[in-house]
Amino acid sequence: MSDLTKMSAAQLARVIADKQASAVEVAQAHLDRIDAVDERVHAFLHVDREGALAAAARVDAGEVSGPLAGVPVAVKDVIATKGVPTTAASKILEGWRPPYDATLVERLRAAGTVMLGKTNMDEFAMGSSTEYSAYGATNNPWDLGRIPGGSGGGSAAAIAAFEAPLAIGTDTGGSIRQPGAVTGTVGAKPTYGGTSRYGLIAFSSSLDTPGPCARNVEDAALLHAAIAGHDPRDSTSIPQPVPDVVGAARLGATGDLSGVKLGVVKEFAGDGSEPGVLSAFHESLEALVKLGAEIVEVSCPHFQYALPAYYLIAPSEASSNLARFDGVRYGLRVGDDGNRSLEEVMSLTREAGFGPEVKRRIILGTYALSSGYYDAYYGQAQKVRTLITRDFESAFERVDVLVSPTTPFVAFPFGSRTSDPYQMYLADLFTIPTNLYGGPAISVPCGLSEGLPVGFQVMAPTLADDRMYRVAAALESAVGTLTPPAL
Ligand code: GLN
């Protein structure tokens, strides 16, 4: 493995700016690493060699500059990239090359980052293991027989395996943070509306939030700063300045948390977390106390209803968003032999193009939204969402951030949760409340349990993304970063 692939994004940016290495050399080193390990990891669905080398050459020619100029980045395949295949890991979009870039991709290009390719995921971002990808699962670099989390397992595995220093994920119920936790990397979900959804293939529009994946907190903050900020093309984008997340990460790295109050959610304590996860979490709390933080127990009584509310709201929105995949406008078309009706072609296309989890969500969502059931299911879930938001608001009157394990269990073996959808849904027990509320949250590695990474979650009030970076960086300064065994 080349030294260039071991460096952080911040180091790479410095090395390139000081001309100790060219951006093309950096891109080539990562492409070589992908060639060497991705057959085993399968983090990428598409590698854009030519595009990456051309973007790097533009940096070397001085055409673009900025704090991340020349730094490679991998992008989750649910985000539109002009001319580069974008499938959302679904057969229904096989071969689709978008005619436009997502806003965040435009911003990545303008910042001089070098896009290496598109990463694997659960189909349409529905899942917690990448086992629902139509193109085969991604393998966790820590143990190739285990899941890398999901839905954004490809992005997390790519950085854990040193195939890229940075990656973009999307978090609807935990798909940035849970993969971060189980691969020993950092994953941050910004405040909803803090990063643009324009060009993100919609799953659950009121929850979907793009964000950064990295091997350390400062790198995550640098990527966050590069993509965040108001976008007039997204009606839910927040027209306010982005908090100074990079400054906050650097402040946190000094290891001083005096006066910071951390709220431990009482209701999360007994929720079936593995003992090794709980002990890593409690040791981290002790480390944070040594840095000056104060621990306060808080009660969030409605968090226990977050999972059921999410599994009504997200499928309801998905059933509406996925109606556009009908074989007429783009992607797969099945049965169009001149003898079949439009409805038959649409139905055959959707039958062939969608996988089992996507179909399950469409059926669930259609049912929950149907007249007669709407008030009982979708309407109730929206009321629960309001109660969860109030729990957060009253907790944040007493504490600066809330903390918990990111996920109740470490990376599990392939096949161990696919037979029972509910077992898979439990992976997001601790991440989902934040999505329903809309605030920012980050997962940062906090130790090992049985040789596998454990994630520590920091949840902050909406628009206080800087606060979570500060606490996460402080924890990182105490416990260090994690590196998987050599591949
Ligand atoms: N695992 C959750 C789900 O399946 C979250 C997905 C996500 O955040 N995209 O819906």
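Counting convention: from 1, in listed order, for ligands and their atoms alike.
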Give the residues near ligand 1 by chain and number, with the criterion being a heavy-atom distance under 4.0 Å. A125, M126, G127, S128, S151, D171, T172, G173, G174, S175, F203, Y310, Y311, R361, D428
Do R417 and F409 form a cation-pi contact, if we require the NZ or CZ to be under 6.0 Å from the six-membered ring centre and within 45 degrees of the ring's axis? yes
Do E357 and R360 sit within salt-bridge range, that is, some charged N less than 4.0 Å from a carboxylate O? yes
Charged N to carboxylate O under 4.0 angstrom, K359 versus E123? no
Check whether the ring centres of F162 and H30 lie less than 6.0 Å apart, and answer yes or no. no
When you look at T407 and D428, which way does the side-chain contact (heavy atoms from CB on, under 4.5 Å) test go after all the steps? CA-CA 6 Å; T407 179; D428 293 312; over 6 Å; no
Qualifying residues under salt bridge (Lys or Arg N to Asp or Glu O under 4.0 Å), relative to R350, sequence neighbours excluded: none
